[in-house]
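See structure below.
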Amino acid sequence: QVQLVESGGGLVQAGASLRVSCAASGHTFSNYAMGWFRQAPGKEREFVAAISRSGTTTNYADSVKGRFTISRDNAKNTVYLQMNNLKPEDTAVYYCAASSSVVASSSGSRYDFWGQGTQVTVSS
């Protein structure tokens, strides 16, 4: 089992920046590709970003490309999502997930473990 705990969410104004973090425990962190997903009220969960085990490969949804950056620190067992120029449509619960796959997948079905989520709210 891998336990994932997100933190860093909050309420910000449009145009602001925010960094959310996800701390992992229970297994060797570097054995897992990591992803961020989000779910807004009344909408389906959607892919945001993913990063490979070593951190050398990243993958982003078109809606966040150029504004969000995913990174990881394998020594700290933590993955980050830096969000810049936030927009009201970025409002959602953000979830991190761990995948035993070697690729930084955009498909939620490829992820084995999920965190409880952290709320990000962007006011206009």
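Bear in mind the structure is a predicted one, so any value in this text is a computation, not a measurement.
Both Tyr94 and Phe113 sit in one connected hydrophobic cluster of ILVMFWY residues. Membership requires side-chain heavy atoms under 4.5 Å apart, directly or through other members. Following chains of ILVMFWY side-chain contacts shorter than 4.5 Å, one cannot reach Leu81 starting from Phe47, and the two form parts of different hydrophobic clusters. Tyr80 and Leu18 fall into different hydrophobic clusters, where Ile, Leu, Val, Met, Phe, Trp and Tyr are joined by side-chain heavy atoms under 4.5 Å apart, directly or via other members. By the criterion of side-chain heavy atoms lying less than 4.5 angstrom apart, applied directly or through intervening Ile, Leu, Val, Met, Phe, Trp or Tyr residues, Leu86 is grouped together with Trp36 in one hydrophobic cluster.
Residues in residues 6-21 take part in these side chain to side chain donor-acceptor pair (under 3.5 Å) pairs, two or more places apart or across chains: Ser17-Asn84.
Between His27 and Ser100 the shortest side-chain heavy-atom distance does not fall below 4.5 Å. For the pair Met83 and Val12, the minimum side-chain heavy-atom distance is 4.5 Å or more.
A salt bridge links Asp62 with Lys65: at least one charged nitrogen is closer than 4.0 Å to a carboxylate oxygen.
Taking every heavy atom of both residues into account, Leu4 and Ala24 meet most closely at CD2-CB, 3.6 Å. Annotation for Asn85 and Asp90: closest pair O-OD2, 4.5 Å, computed over non-hydrogen atoms. Taking each heavy atom of Ala33 and Tyr111 in turn, the nearest pair found is O-CE2, 4.2 Å. In terms of heavy atoms, Ser124 sits closest to Pro88 at CB-CG, 3.8 Å. Shown here for Ser52 and Ala104, the closest heavy-atom pair between the two residues is N-CB, 3.8 Å. Closest approach of Lys87 to Val122, counting heavy atoms only: O-CB, 3.3 Å.
Not counting sequence neighbours, Tyr32 has no partner by the ring pair (Phe, Tyr, Trp, His ring centres under 6.0 Å) test.
Grouping Ile, Leu, Val, Met, Phe, Trp and Tyr residues whose side-chain heavy atoms lie under 4.5 Å apart, directly or via other members, leaves Val5 alone, with no other cluster members.
Checking side-chain atoms of Asn74 against main-chain N and O of Arg53 turns up a donor-acceptor pair under 3.5 Å. Remark: the backbone N or O of Ile70 is paired with a side-chain donor or acceptor of Tyr60 at under 3.5 angstrom. With hydrogens and angles ignored, the 3.5 Å screen pairs a side-chain donor or acceptor of Thr78 with a backbone N or O of Lys76.
Under the 6.0 Å distance and 45° angle rule, Arg45 does not count as a cation-pi partner of Tyr95.
Atoms CD and CG, from Gln1 and Asp112 in turn, are 10.0 Å apart once rounded to the nearest 0.5 Å. With rounding to the nearest 0.5 Å, the separation of CD in Gln119 from CD in Gln39 is 11.0 Å. For the atom pair CG (Asp73) and OG (Ser30), the distance works out to 11.5 Å, reported to the nearest 0.5 Å.
Checking Ser107 against Ser105 by side-chain atom types alone, no donor-acceptor pair falls below 3.5 Å.
Summarising the local packing, CD of Gln116 is surrounded by 12 or fewer heavy atoms from other residues, nucleotides or ligands at distances under 6.0 Å. More than 12 heavy-atom neighbours from other residues, nucleotides or ligands sit within 6.0 angstrom of CZ on Arg67.
Taking the six-membered ring for Trp and the full ring otherwise, the centers of Trp114 and Phe37 sit less than 6.0 Å from each other.
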